[in-house]
Asks: 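Can you keep this structure in mind? I'll have questions shortly.
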Protein chains: 2
Amino acid sequence: MSAEKANSLDVARRAGVSQSAVSRVFTPGASVSKKMSERVLKAAAELGYRPNVLARSLITGRSRIIGLVVAYLENQFYPDALEKLSNALKKRGYHILVFMASNDREGVDQVMQELLDYQVDGIITASVAISNDLTTRCKAAGIPVVLFNRDQDGVKLSAVTSDNYAGAKKIADFLVRGGHRRIAHIAGWAGSSTGRDRQAGFRAGLKQSSRKLHVCVDGMYSREVAAAAVHQMFKKRWKPDAIFVGNDHMAFGVMDALRYDLGLDVPGDVSVVGYDDVPLAAWPTYDLTTLRQPSNRMVEATVDTLLGQIEGTAGQYKKIRIDGPLIVRGTARIPDGWVDEGL
Amino acid sequence: MSAEKANSLDVARRAGVSQSAVSRVFTPGASVSKKMSERVLKAAAELGYRPNVLARSLITGRSRIIGLVVAYLENQFYPDALEKLSNALKKRGYHILVFMASNDREGVDQVMQELLDYQVDGIITASVAISNDLTTRCKAAGIPVVLFNRDQDGVKLSAVTSDNYAGAKKIADFLVRGGHRRIAHIAGWAGSSTGRDRQAGFRAGLKQSSRKLHVCVDGMYSREVAAAAVHQMFKKRWKPDAIFVGNDHMAFGVMDALRYDLGLDVPGDVSVVGYDDVPLAAWPTYDLTTLRQPSNRMVEATVDTLLGQIEGTAGQYKKIRIDGPLIVRGTARIPDGWVDEGL
DNA sequence: AATGGTGCTGCATACGTATGCAAGAAAGAC
DNA sequence: GTCTTTCTTGCATACGTATGCAGCACCATT
C-alpha cells in the first residue's frame, strides 16, 4: 500500500529488532535464532519487504549478474543457448544481462565496457571475439570470462566449444565413404576459431583418404553469402556432388538455393551436411544431416566453469571441447554399412 | 595494473579535487568548468575509471535496467524482438535483464518478484500474463510495465500488440474471396488475448461473408499440438480446404504435417495462412502467406511507452494496436483481382 | 559458585556515488 | 571602486545493505 518500498530498517522497527538482525535473516548461513527469524519474516511479509540486490552488491562486491554478449540471434543456435544459459544460471542464483554486439572488435569492446559498468560477476561471450586490451582489463578487474562456441588463440580465457576439428573430420569421412567425388566446403567465417577449426578438420579428414577439397568459400555465417557461394560453385564446369556447410543456418540457405534456384535434388544431385543440429534441422522440410553441438552439455560446462572461477573454487582458465555425434538424416547419401553412432 | 578498480575518490585524489567534482564531471548536465572537466577526465583515463552503475543507482533510484520476461524463444518472433528491443534500449542508455518464465502464472509471478529485487526501472513482458496481485505491486512500487504482443483484460497496464482482430479479419476476407469452402482455424492459445482476438476477428470476417468456421482447434502455440490438430482434421469426412494458423511458428508445423505426413499439396489441396511474418516465412521452402506483425514499430512503441512512463513524461498507461499488412506469398490461393496492399 | 564455552544480538562502519547547501571565485553593471 | 549576479567548488550526508567486533545471555562443566 505504501508508495515507497520498505527497506530493512522499516522491517527492523516493525519487528522491534536491529537492522543487522534483518539482514542476517536474509543472509543464508548467518547466525540467527529461530525466534528471531520468525519475527523478522513475519514483519517482512507484512511490509512486502525483499532485499535490494543492488545495495547488497555494493557491499558484498557481488552483483549476481552475468553479462552475455551475443552478436546475432538469427541463427537458432543462439536463442536456444540463451534460454538454456538463463535457466541454468537462475538455478544458481544468477541472472543474465544481455548485450547485443556487432561482430567487429570495436563494437564488442565498447559493449564489454558498458558491461563492466554494471559490475557483472562474470561474462559469457557467444561467438564474438574480444581484444587483448579488454582481456587484460577483465583480468585486472578480476572478472572471469568464458567464450562460448568460440575460442581465441593466445588468449588466457576459458572457452567452451564442441570439438570442431574432430567433428568436421567425421563429416569428411562420412562424405568420402558415401562415394562423393567433388566435395566442396562453404566455411564459417575464417575470422572465427570455429570456422577455421572446422575447415582444418574437414581438410584433414579428406587428406586422410587422399582426397582434396574440390572448392572452398567463406560463407561468413550468412545465409545470403552462402547462397551466393552456391550459385558461384554451380556456374563452373565441375560442379560439387557434396557440400559441407559450416553451420546449419547457412545450410538451410544452401539447400534453398540448390532446390529452388538451381532446381537440384538433395541428396540426389548434391549431398549437404551442416553443423549444429538446431531444432529446425530435424523438421522434415530440411531433414538435415548434421553434426550435433550438444548445447546442453556446452551450457553446463560454461556455467560450471564460470561460476567456478567466480566463486573461487576453480583457479585457472580452461579450454573445454565437447564431442558431438553425427546425426544422420536425409540430406546426404549414406555409405553402405554405415553404423550410426547416434545410438 | 592495480588489482582493485579505481573509484571516484581515487580519481579525485589524483586530480587534486574533491570527490563531488569527479561525480559532477560524469553527470551530464552538472555544473563543471572546462578546466575541471579536463583534469578529471585525464586522471580518470589514467586510472581506467568508470562510474559504478550500481552504486549510482542506489542513490538516484534509477538502475537503467529493464527487465524482460519471456516464455520461450523457439518461436523466431521473440529472439527477433529481443534483439530489436535490446538495441533500441541501448540507444537510450538502458539495458536488458532477461528472465525466462514458464507460461503459467505462478512461474511468471515468481520471476517478476526476482526482477523487482534488481530494482529494475521498468518491465517488458513478452507474451506472458501476470497476476493482478503483482500488477498492483508494480504499481505500488512505481514500476511501469508494458505488455508486448499480448494484452490482458481489465488490467491497467500499457500493452503493445498488432491489430489482431483486424488482421485476422483481413485473412478471413482473403480466404473467402479465394473461393475456399471449408475454412479451418488452428488458433493460438485461448488463454492469451492474442489468440482470442485473432480467433474473434477471423470469425467476424467469415460472418461478414455469411460463412461459418468449418472447424477450430486450439494449437497452444505449439508446433506439435498444431500438427496433431491437422491429423485430427484430416481424418474427418469433410476436410478443410484452407487453414488459418494462429502464428507462423505453428504454421510451419502444419505445413510439414500436410506435406510430409498426409502427402498433400500446399496450396493445391489446402491453403495455409500464418500470422507474424517471421524471417523463416520468406524462405522459399515455406514461402508462407501471412499477416505481418511490424516488429520494428511494435518495438519502437514499446520502448517509447516504457521510457515515457519511467521518465515521467507520459502519465497514464496506454493500449497501442499497430496495423500490419497481409503479405501474400505462395501458400494460399490468390483471389482473382486481388490488389496487394503490401505495395 | 566460579569458569569456560557457545550462540545471538546490536552497534558502528563501509561500499561508491549523487546532491543540497553554503562559500568562494569570477564576471558584469553602475 | 562597490554591489549584484552567475558559475564553480567542496563539505557533508544519504542511498540500503553486510559484517567485524564486543557484549550479553544461557548452558555445561568443574
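Per chain, numbering begins at 1; letters A, B, ... match sequence-line order. All of these numbers come straight from a predicted model, not from anything done at the bench.
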Asks: Taking only the side-chain heavy atoms of B/Arg56 (C-beta and beyond), determine which of D/dA12, C/dA18, C/dG10 contains the nearest atom.
Replies: C/dA18
Asks: OP1, OP2 of D/dG16 versus side-chain N and O of A/Ser8: anything below 4.0 Å?
Replies: no
Asks: Has A/Arg150 got a side-chain atom pairing as donor or acceptor with A/Ser192's backbone, closer than 3.5 angstrom?
Replies: no
Asks: Where the side chain of B/Thr27 is defined as all heavy atoms beyond and including C-beta, which of D/dG16, D/dG10, C/dA18 is the nearest nucleotide?
Replies: C/dA18
Asks: If each of B/Ile59 and B/Lys35 is mapped to the nucleotide of DNA chain D with the nearest heavy atom, which maps nearer the 5' terminus, i.e. the 5' end?
Replies: B/Lys35
Asks: Could you state the atom-to-atom distance from CD of A/Gln19 to P of D/dT19 in whole Å?
Replies: 12 Å
Asks: Quick one: are the ring centres of B/Tyr221 and B/Tyr72 less than 6.0 Å apart?
Replies: no
Asks: Just compare C/dG16, D/dG10, D/dT17 and give me whichever is closest to any side-chain atom of A/Asn52.
Replies: D/dT17
Asks: If you check every side-chain atom of B/Leu58, which of C/dT17, D/dC15, D/dT17 has the closest atom?
Replies: D/dC15
Asks: Which of the following nucleotides, C/dG10, D/dG10, C/dC8, is nearest to the side chain of B/Met36?
Replies: D/dG10
Asks: When you check the phosphate oxygens OP1 and OP2 of C/dG16, does a side-chain N or O of B/Ser23 lie under 4.0 Å from one of them?
Replies: no
Asks: Select one nucleotide: of C/dG20, C/dT9, D/dC15, the one nearest the side-chain heavy atoms of B/Arg24.
Replies: C/dG20
Asks: I need the CG-C1' distance between B/Asp117 and D/dT17, as an integer number of Å.
Replies: 13 Å
